[in-house]
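One is the number of the first residue; the rest follow in order along the sequence.
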Amino acid sequence: MDSPPTDRRGFLKRSVGLIGLAAAAEATPAHAQTQVMDDHHQATDGIIAYGERSKFVTSKRVPVPERHSPDDFGLTFHVNTPLQDALGIITPSSLFYVATHRGSFVPEIDPQTHRLMIHGMVDRPLIFTMDELRRLPYVTRVHFIECNGNRARASHVTVQDTHGLTSCAEWTGVPLSLLLKEAGVQSGASWIVAEGAEEVKGASSIPLGKALDDCLVAYGMNGEPLRPQQGFPLRLLVPGFEGIYQIKYLRRIKVVDRHYMTYDDYGHITNDPRAAALTEQIGPKSVITFPSGGQALQGRGVYEISGLAWSGGGAVKTVEVSVDGGSTWKTADLRSPAYPMAHTRFALSWTWDGRECVLMSRCTDANGTRQPTPAEVARYFNRPLGYRPPGTDNSIQPWRIASDGSVHNAIA
Ligand SMILES: Nc1nc2c(c(=O)[nH]1)N[C@H]1C(S)=C(S)[C@@H](COP(=O)(O)O)O[C@H]1N2
Ligand SMILES: [Mo]
């Protein structure tokens, strides 16, 4: 825009003008607008046979900023999803964040030979092939996953750096409760231990109550089989719990009567099932993805402040946005369905007056729990302002807009 309109009415008038232009273009013959794809190989190669994105779209994942990557062993550990480019609430499978304790090693598992065993404190230990699992009743649900390591730091530049260890997908699979009922959970059982098939096994202890509630044994992701990086051919989904519980390459579920220490349990030693159910749950969280660090506003005028909100405690109820560093808050619009434990898109129309300001968002979930301000976090932990807690961090992310329109991370 050469001369950005400064009020909403001006913007709307301009939009009407744009709609007029779009209608005019429709009258032009299609072949004048697009170069015809006449190359036969496009139909059998990537572009059509397995659709690739346009070469003009270049958004991609990057390694987490804290870890030089590949590391001394040649491994790439966690890679962050480009949230700044996300449209809507579903993360494309190719851009879904990856967190693996085994670095760049992604196991290549043949679904014909893969098995899922359910055993331990059950009446009937069971072993399923993939074909058998796919004959069972299944459900499809939208859920986010977030790594406990998704913690913004002052040194981070973009929203991909600060919040890129969360993604959201549509998952398809068998409710775990159905499999556990089929196996017959014995009285006295209180936990399950779920284990992956690769070297480090990615095992975690999960309270039985959660296992019988809403967990999924998933084989589908965004309308196709899981990608290898996301656990092909099978993964456990523990909606709302932090990432480490979402066991990839799932091969074994043992029903037990206590919490078991596993490879994954360093730093996650919570052996009270009630406490675990709460502390391993991701708190209500949100982040503005536009305007966000590294982006720039093209002069004053009307913009859509847009972002993502989510909570491990249920659906997002409201998102508020502040354009004055947290002094006042306005309720944003929810621009997508607010599914339980799913990314939810919010937006707020805003006129930037060209002056320096700080943008923030905060989410309240269906339980009425609200994302804390930095001051609330400091007070709760009895620490100085700017303190970021260990473990899952859901404090508010501030972005500073400089008077030249450039956007900066404003964590103190
Ligand atoms: N088998 C296995 N499952 C695993 C892991 C792993 O290394 N191996 N990493 C865990 C961690 S720490 C996270 S945050 C999530 C990440 O899931 P994603 O890679 O699909 O994003 O998977 C979890 N499940
Ligand atoms: Mo993680």
Of the non-hydrogen atoms in Val358 and Pro398, which two are nearest, and what is the gap between them?
CG1-CB, 3.8 Å
Of the options Asn409, Leu359, Val159, which is the one that meets Gln397 in a side-chain contact (heavy atoms from CB on, under 4.5 Å)?
Asn409
Examine Phe346 together with Trp310 and report whether their ring centres are nearer than 6.0 Å.
no
Quick one: do Arg335 and Glu304 make a salt bridge, cutoff under 4.0 Å?
yes
Which value, rounded to the nearest 0.5 Å, describes the distance between Cys215 atom SG and Leu180 atom CG?
9.0 Å
How many angstroms lie between atom CG of Asn80 and atom OG1 of Thr158, to the nearest 0.5 angstrom?
8.0 Å
Tyr303 and Phe290 aromatic ring geometry - parallel, tilted or perpendicular at 30°/60° bounds
tilted
Indicate the ring-plane relationship of Trp352 and Trp350, choosing parallel, tilted or perpendicular according to the 30° and 60° boundaries.
tilted
So that I can tick it off, tell me whether Arg370 and Glu320 are bridged by a salt bridge, with the cut-off set at under 4.0 angstrom between side-chain N and carboxylate O.
no
Return the minimal non-hydrogen interatomic distance between Pro125 and Asp123, and the atom names on each side.
CD-O, 3.8 Å
Test item: Asn222 and Phe96 side chains (from C-beta on) under 4.5 Å apart, heavy atoms
no
Walk me through whether Arg251 and Glu195 qualify under salt bridge (Lys or Arg N to Asp or Glu O under 4.0 Å).
CA-CA 6 Å; Arg251 73 161 180 191; Glu195 178 191 78; 2.9 Å; yes
Could you walk me through whether Met341 and Asp214 satisfy the side-chain contact (heavy atoms from CB on, under 4.5 Å) test, starting with their C-alpha distance in whole Å, then the side-chain angles of each, then the deciding distance to 0.1 Å, before giving a yes or no?
CA-CA 11 Å; Met341 284 82 102; Asp214 57 356; 3.3 Å; yes
If only side-chain N and O atoms count, and only distance matters, is there a donor-acceptor pair under 3.5 Å linking Ser286 with Gln371?
yes
If you apply the rule side-chain hydrogen bond (donor to acceptor under 3.5 Å, both in side chains), what do you find for Ser94 with Arg227, and how did you get there?
CA-CA 8 Å; Ser94 303; Arg227 295 284 175 93; 3.2 Å; yes
I need the minimum non-hydrogen distance between Ile288 and Trp399, along with the two atoms involved.
O-NE1, 3.0 Å
Flag the pair Lys285 and Glu146 as a salt bridge only when some basic side-chain nitrogen lies within less than 4.0 angstrom of an acidic carboxylate oxygen.
yes
Does Glu356 come within less than 4.0 Å of Arg400, counting only side-chain N to carboxylate O?
yes
I would like to know whether Lys317 and Thr369 meet side-chain contact (heavy atoms from CB on, under 4.5 Å); could you show each step before the answer?
CA-CA 10 Å; Lys317 202 171 85 195; Thr369 312; over 6 Å; no
Which residue in the set Leu212, Ile206, Leu208 passes side-chain contact (heavy atoms from CB on, under 4.5 Å) when paired with Lys210?
Ile206
A cation-pi test, strictly: NZ or CZ of Arg258 under 6.0 Å from the centre of the six-membered ring of Trp191 and no more than 45 degrees from its axis. Yes or no?
no
